[in-house]
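On a predicted model such as this, the values are computed, not experimentally measured, just so you know.
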There are 2 protein chains.
Amino acid sequence: MKDTAPTDLGSRPRLSRERIVLEALRVVDDEGLQALSMRRLGSLLGVEAMSLYRYVNGREDLLEAIVEHLTDGLRLTPQTPVSAVDGWQAYLQWLAHEVRRVAHAHPQVFPLIATRHPAAPWLRPPLRSLDVVEDFLAVLTRQGFGDEAAAAAYRAFSSFLIGHLLLEASQLGGSTVPGEPLDEGDPNASSSDLELADYPTIRRLEPELSQDRSDEEFESALEELLDRIARTQRG
Amino acid sequence: MKDTAPTDLGSRPRLSRERIVLEALRVVDDEGLQALSMRRLGSLLGVEAMSLYRYVNGREDLLEAIVEHLTDGLRLTPQTPVSAVDGWQAYLQWLAHEVRRVAHAHPQVFPLIATRHPAAPWLRPPLRSLDVVEDFLAVLTRQGFGDEAAAAAYRAFSSFLIGHLLLEASQLGGSTVPGEPLDEGDPNASSSDLELADYPTIRRLEPELSQDRSDEEFESALEELLDRIARTQRG
DNA sequence: ACCTGAACACCGTTCAAGT
DNA sequence: ACCTGAACACCGTTCAAGT
C-alpha cells in the first residue's frame, strides 16, 4: 500500500470536474442561475469554494462547462437511433427534436446556450459545438448540398431553433424565485385582465393569446423550414 | 422664494428615474451588463448607491426599466412615418426593422429584451409591451385577420425576430470585456483553424461559414414570413 | 423630501499555508 | 496532490439618521 487514501470510499466521492458540473446543473435546474454561486456550490459538495478552482477556471468556465455538457448529447454516435440517419431530413428532424428535448429538460440553462458567445464567431447557438456542427455539415454535403447551401441551411436551422425554443424555455423556466408570489392578494382578479382597460384588442384576443400551440407550431414550422432548405439544396 | 433649492442649476441636474435609466443604458452599451452595479452607477451619477433606491426598485427593476425604455420606440404614434401604416404588410416591415435597429444599436441589451420574463405569460419577447402588442393586433384585425390568425401571426413574428436578431446582436455585442485578448499570442495562427484538424468539413466550409449574410437573410426570411402570414389571413 | 453612513449578508478570486 | 484560512475588493439592500 503506497498511499494513505481512505480505504472506506463511502462518504465523500472526492471532487472532480464532472461532479462539480453535475451539481451545478442541478442547482440551476432547481433554483435558477442566480442561485449558483461558487461558495454555495462548494458547500453543497462538502468543500470550501476555493477547492473548486482546481477543476474549473472560475464561474464563467463553469457555466461554459454546463453548456458543453448538455450539447454533448447532440452528437452522432453509434448509439444514435437509426431513424436519425435515414437522409438529411430525418437527421434534421432528429436533431431539432433533440435540441428541443434539452431546452425542455433544462429551461433555465437554455438562455445560456442561446446567448453566450460561442468559441468561434461562425459557430452559432444553439449548435455551438464543433462536433455537432461537423456532423451537420458533413451529413448535408454528403447528400448533395453545395458548400454555400449547407452553410445557409446551418444558419437558417440555428435561427429557427433559437426563435422557437427560447420562448418555450422562458415559458417553462418560470419564476426562478422559489417562493414568489403567484397572485398579489387581490382575490377576485382573474389573472391579469385588470389593467387591460386601455387595450381592447388584447382583451378581446386574450383567449387566443393564452393558448399554447407550441407543439403544433414547432412541428409545422420545422416542416416548412425543411421544405425551404430542400428547395435550396442545389444552390 | 419658498425653498432653498440651489438657484444655480448647473453642476448636478438632480436625480430622477429617467436620468438613472439613461446612465445605466450607457454603461451597459459601453461596458456590458456585468459592469452595471448599483454602487458604480451611483458614483457615476455623483451620488451614493443607496440614493438610487428612491427611484428604482432594486437592480431587477432597473433592468426592466432599461428594456421598457427601448421598447417604447416601437409604438405607433403620430410621429410614425406614413410608409409604416399603408397596410399590415408595410406595418410589419416597419416594425421588424425598428426592432432590428434597436437590437443593432444596443446589442448588449437585446439578450435582456429576449430572455427576461414578460409581465404576462402571453406577452412574448421581443414585443413585450402592452402598447406595442395592442398596435400589432389592432392593425391586423382591422385589416381582415381573424382573431386566431392575428394571434398566430403575433407568435410567428416574435419567434422570427428572436431567432434572427439574437444571433446578430450576439455577434455585434462582442467580448463585453474591454481589454480582452484578441489573439492568444501565437502569431502565425490564422484565426482559429489550428484545432480544426479533426473537423474536415468545417475546415473546408470555413469561408462560407464566416460570411456575413445577415442583411440578405433577414430581408428574405421576413418576406417569406409575410407571405406565410398572408396565406393564413383568412384562417 | 432627498440623500447618506453604517451595517448586514453575501459575492468571486488570490495566495501562502497546511496535510 | 489536494484542500483550506485568511484576506482583498467588491456586491445588493436595509434602515435609522442627517439636512
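- Under the Watson-Crick and G-U wobble criteria, each requiring two contacts below 3.5 Å, nucleotide C:dA1 is paired to D:dT19.
- Distance A:L62 CG to C:dC11 C1': 15 Å, rounded to the nearest Å.
- Between A:D61 atom CG and C:dG12 atom P the separation is 14 Å, expressed in whole Å.
- Between the CZ atom of B:R54 and the P atom of D:dA16 there is a distance of 13 Å, rounded to whole Å.
- To the nearest angstrom, C1' of D:dT13 lies 13 Å from CD of B:E60.
- Closest approach to the B:R39 side chain among C:dC11, D:dG12, C:dC2 is made by D:dG12 (side chain taken as heavy atoms from C-beta onward).
- Under the Watson-Crick or G-U wobble criterion, with both distances below 3.5 Å, C:dT13 is paired with D:dA7.
- If you take CZ of B:R19 and C1' of C:dC3, they are 14 Å apart, rounded to a whole angstrom.
- Between A:Y55 atom OH and C:dT13 atom P the separation is 18 Å, expressed in whole Å.
- Between C:dA9 and D:dA9, the two C1' atoms lie 16 Å apart (nearest whole Å).
- Looking only at side-chain heavy atoms (C-beta outward), B:R100 and B:D215 come within less than 4.5 Å of each other.
- Remark: B:E18 CD is loosely packed, at most 12 non-hydrogen atoms of other residues, nucleotides or ligands lying under 6.0 Å away.
- Atoms CD (A:E48) and P (D:dA6) sit 10 Å apart, rounded to a whole Å.
- Taking the side chain of B:R14 as heavy atoms from C-beta on, and the options C:dC3, D:dG5, D:dT14, the nearest nucleotide is C:dC3.
- Between D:dT4 and A:S51, a contact under 4.0 Å exists linking OP1 or OP2 to a side-chain N or O.
- Candidate nucleotides C:dC3, D:dC2, D:dT13 were compared by shortest atom distance to the side chain of B:M38, and D:dT13 ranks first.
- Rounded to an integer number of Å, the gap from B:Q34 CD to C:dG12 C1' is 13 Å.
- Residue order along DNA chain D, read from the 5' end via each residue's closest nucleotide, puts A:L15 first among A:L15 and B:M50.
- When the C1' atom is used for both D:dA16 and C:dC2, the distance is 15 Å, rounded to whole Å.
- For B:F160 and B:H164, the distance between ring centers is under 6.0 angstrom.
- Atom CG in A:D212 sits 7.5 Å away from atom CD in A:E168 (nearest 0.5 Å).
- Proximity note for B:R59 (side chain, C-beta onward) versus D:dG12, C:dG12, D:dC3: the nearest is D:dG12.
- For the salt bridge (Lys or Arg N to Asp or Glu O under 4.0 Å) criterion with A:E64, the lone passing option out of A:R59, A:R116, A:R17 is A:R116.
- The side chain of A:V47 lies closest to D:dC3 when the candidates are C:dC2, C:dG12, D:dC3.
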